[in-house]
Amino acid sequence: MAPSISDIIREAAALSVSPAPTKAARPHPLDNLSVEEINRACSIAKAKRPDERLWIKVCSLREPVKKELAPFLEAERRGETAPRPTREADVLFFVLSSRGLYEVVIDLDAGEETLCTKVDGHHAPLDREEINQARAALFKDPVYIKTVEDLKLPPGTTIVPQGWPFGSDHPDPAIRRVFFILYHRNPANDHPDSNHYAFPLPVVMFWDLWESKVTDVHWCYTGNEQDGMTLGTGPKEYPTQGCQGNDYEPSLNGVTVRTDLKPLHVTQPEGVSFKVTGQLIEWQKWRFRIGFNYREGPTLHDVCYDGRPVFYRLSLSEMHVPYADPRPPLHLKQVFDFGDIDEGGSFARGVAHPQYFDGAEVNPSGEGRVVKNVICCHEQDNGILWKHTNTPTGRAAVTRQRLLVLQTIITVGNYDYIFAWHFDQAGAIHLESRATGILSTGPINVGKKSPYGTVVSPGVLGTSHQHFINLRIDPCVDGHNNTITQDDVVPDPPSAENGHGIGFRVKSTPITVSGFADANPLANRSFKIVSATGLVPHPSQMRLAAPDAHITSRAPFTQHHIWVTSYRDGELFCAGQYTNQSRGTAGGIADWVARKDNVENTDLVLWHTFALTHIPRVEDFPVMPVEIHTISLKPNNFFTANPALDVPLSSQAFNQSSTVDGDSAATPCCAGNGL
């Protein structure tokens, strides 16, 4: 019997930072919901509907509106008191009898439901347990069983289905569905950790989540460009017979592990330099609050440097990954990793003296529980911060750069993403994004090639694709009224003053109306939050899909690097609130800039889209070395001098290199430079 939808567990809802407030302490307005608050909010929603069975999808903090929260935060920084915003929770759920989707707002202070909205024309996000339940039912589906029998795979072959959000329009938008791409384990070892992506089967199954059944079976195109849209160009029976094992686990792949790496220890014998009080973090003149929610993962709030406010809120708004193979059914691979299935995720281990942050999740019955270790906070050495050797005297002055790192890792099917916020000692914030994991592969006939990807193993096509990430920046540089300027470096025209033709200057153009702009490395283009913080956009390739493609209407934020909108409460997600099975009507940033609001000397939001166009290499398989991209927000005429002048000079008392012969007491390689 197929599992009922009420058995599905919803993972990831809110953060309860350790150490948590005591029961007697009133939570800060930005503290994420505790398990007790999740239980109470869901109980209130259920009590309003005593005759209905609810499948609760999300329960998370409803952040206070800015007009209430901003004065509270400003007073808090001054050590004063201000009216405390109402404590509220958002609850998203299905009513199972009607399959209707509802959003409700719970006033936790008053203990009552204050708003209920029926969500029409949109689908709730998926979650891993929902996919897991569907996968378990798939194995028992008669259509699936017959299809696998027809493949004539060797006895004992273990099939591994991978579920995907349904990335295209459908004639009946009421059908809540996913599709499964089928792989199988390495038959040479049948190990659970073998790389099943090296054995892609040429079949995809559409799955109805409400009815819990296969609705369609589609065969994949496996030929080359000359074969065109011709099905069945490969073996009809045992189609993976030409594939080979390609495992990444050393215990499975037979690779001899290197033995010439010496230990490298990072220690902090006196402990860490940062202070954590609930969700408040203080370090090296930085002061900010951290949050975590089911959609965005880590969020940063009320970010100040040396007592001066810089950012009201920083967050990752969306990540979109469309694939390049246009041949059905694999054209459906166009996932929104945050909106379709939520960022959530786990954090990285293996650093010195980290602070671990816990989370909380809710199940379909509305019961919360703690999820351990969703964010890691730690310090790390980052080499030289600044240095100069005075030529006349030969004296070197040098400081080492320390970073505060807030890191989370999410695994979305085949890919792993590491997102890390880096705070430095010179007043800059950096967002580092790393992509690793395994390529999402498709089948191809052995000996053939495709223009839509790279053959990374016999019979295995690593499909080309793009990763689009959008960073949402809500500035409050010494106040909430700001202006964005586009700064280009341009050559001076010939003139009496520029007689030698070497002059150049910065041309600054204010953005006065909500709209968009693009990076231009040939003009050294940057964008400045007047007049204090500069963003150098990542000059990445934008959307390659056709302007009228269905995917383009679903993800308009992928068209430009920079977007500027006026601030409005609740406008957090550049592709809209509901991206799962979206049909180009989910709203989002294209609608917001279309208002043509004033964005000069006002409360605004800066959005930056950057991308990785990934043409797979053979070296990316069976597991991909990390691909790193960094976005920086740097002070620009915000201070009166280098803000890191007060960082102590390095005496090399703690940071010491070893010489080639291993004698750390001998003269180090950087002696005379004070490293």
Side-chain angles (χ1 to χ4, degrees), residues 2 131-132 134-164 177-208 212-247 252-253 325 327-333 413-414 438-450 452-453 455-463 621-622:
I131 295 293
N132 288 343
R135 184 186 296 111
L138 175 70
F139 288 124
K140 302 174 184 179
D141 186 275
V143 176
Y144 165 86
I145 293 171
K146 177 64 167 60
T147 303
V148 171
E149 287 177 351
D150 291 344
L151 291 173
K152 305 295 184 183
L153 301 175
T157 300
T158 303
I159 303 292
V160 183
Q162 185 186 42
W164 282 72
R177 59 197 300 156
V178 295
F179 67 96
F180 284 101
I181 301 175
L182 302 188
Y183 302 89
H184 67 74
R185 291 181 188 171
N186 184 351
N189 54 44
D190 194 39
H191 195 281
D193 289 322
S194 68
N195 180 18
H196 53 270
Y197 295 101
F199 297 91
L201 291 164
V203 63
V204 167
M205 297 187 179
F206 292 1
W207 182 263
D208 187 320
S212 194
K213 67 178 183 180
V214 173
T215 60
D216 301 275
V217 176
H218 294 272
W219 297 93
C220 301
Y221 296 90
T222 60
N224 56 19
E225 195 167 12
Q226 289 69 39
D227 292 320
M229 300 294 286
T230 303
L231 288 170
T233 58
K236 293 180 175 55
E237 297 183 358
Y238 192 12
T240 53
Q241 58 189 271
C243 297
Q244 299 175 3
N246 205 330
D247 290 318
L252 300 177
N253 61 22
D325 194 337
R327 300 170 297 177
L330 296 181
H331 71 295
L332 297 174
K333 294 171 66 175
N414 53 293
I438 302 179
L439 297 169
S440 177
T441 59
I444 188 169
N445 299 341
V446 174
K448 293 190 175 182
K449 297 181 179 180
S450 170
Y452 304 120
V455 176
V456 295
S457 192
V460 181
L461 182 67
T463 311
F621 202 69

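We're numbering straight along the sequence, starting at 1.
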Looking only at atom types and distance, does a side-chain atom of Ser450 sit under 3.5 Å from a main-chain N or O of Tyr452, one as donor and one as acceptor? yes

Counting only N and O atoms by type, is there a donor-acceptor contact under 3.5 Å from the side chain of Asn224 to the main-chain atoms of Lys449? no

If we only count heavy atoms from C-beta on, is the Pro200 to His184 side-chain gap below 4.5 Å? no

Is Asp227 salt-bridged to Arg327, going by a charged N under 4.0 Å from an acidic O? no

Are more than 12 heavy atoms, taken from residues, nucleotides or ligands other than Lys213, located less than 6.0 Å from that residue's NZ atom? no

With heavy-atom distances below 4.5 Å as the criterion, would you say the side chains of Tyr183 and Pro161 are in contact? no

Do Pro458 and Cys243 touch side chain to side chain, with heavy atoms closer than 4.5 Å? no

Considering only heavy atoms from C-beta outward, does the side chain of Leu201 approach that of Pro239 to under 4.5 Å? yes

Roughly how far apart are Asn414 CG and His196 NE2, rounded to 0.5 Å? 8.0 Å

Looking at every heavy atom in both Arg177 and Phe206, which two are closest together, and how far apart are they? NH2-CD2, 3.0 Å

Taking C-beta and beyond as the side chain, do Val460 and Leu439 meet within less than 4.5 Å on heavy atoms? no

How close do Ser440 and Lys333 get, heavy atom to heavy atom, and via which atoms? OG-NZ, 2.8 Å

Looking only at side-chain N and O atoms, does Tyr197 offer a donor or acceptor that is under 3.5 Å from a partner on Gln162? yes

Can you say whether the rings of Phe139 and Tyr144 are parallel (under 30°), tilted (30 to 60°) or perpendicular (over 60°)? perpendicular

Can you tell me how far the CZ atom of Phe179 sits from the CD1 atom of Ile181, to the nearest 0.5 Å? 5.0 Å

Does this structure show an ion pair linking Asp150 with Lys236, if we count only N-O contacts that are shorter than 4.0 Å? no

Working for side chain to side chain contact (heavy atoms under 4.5 Å, CB included), residues Met205 and Asp216: CA-CA 6 Å; Met205 297 187 179; Asp216 301 275; over 6 Å; no

Given Trp207, which partner from the list Ile131, Thr215, Asp141 fulfils the side chain to side chain contact (heavy atoms under 4.5 Å, CB included) test? Asp141

Please confirm whether the backbone N or O of Val143 pairs with a side-chain atom of Thr147, one donor and one acceptor, at under 3.5 Å? yes

Between Asp190 and Arg185, does any NZ, NE, NH1 or NH2 come within less than 4.0 Å of an OD or OE carboxylate oxygen? yes

Is there side-chain contact between Lys146 and Val214, with heavy atoms separated by less than 4.5 Å? no

Do any N or O atoms from the side chain of Tyr221 and from the backbone of Leu330 form a donor-acceptor pair under 3.5 angstrom? no

Is it the case that Thr463 and Asp325 place a side-chain donor and acceptor less than 3.5 Å from each other? no

Measuring from Asn195:CG to Asn253:CG, what's the distance to the nearest 0.5 Å? 10.0 Å

Is it true that a side-chain atom of Thr240 and a backbone atom of Phe199 form a donor plus acceptor pair closer than 3.5 Å? no

So do Thr222 and Leu461 actually touch side chain to side chain, heavy atoms under 4.5 Å? no

Distance col, row Leu138:CG vs Phe180:CZ, nearest 0.5 angstrom, shows 5.5 Å

Test side-chain hydrogen bond (donor to acceptor under 3.5 Å, both in side chains), reference Asn186, set Asp193, Asp247, Asn246, output is Asp247

Counting only heavy atoms from other residues, nucleotides and ligands, does the tally under 6.0 Å from CD of Glu225 exceed 12? no

Hey, does Cys220 have a side-chain heavy atom less than 4.5 Å from the side chain of Val203? no

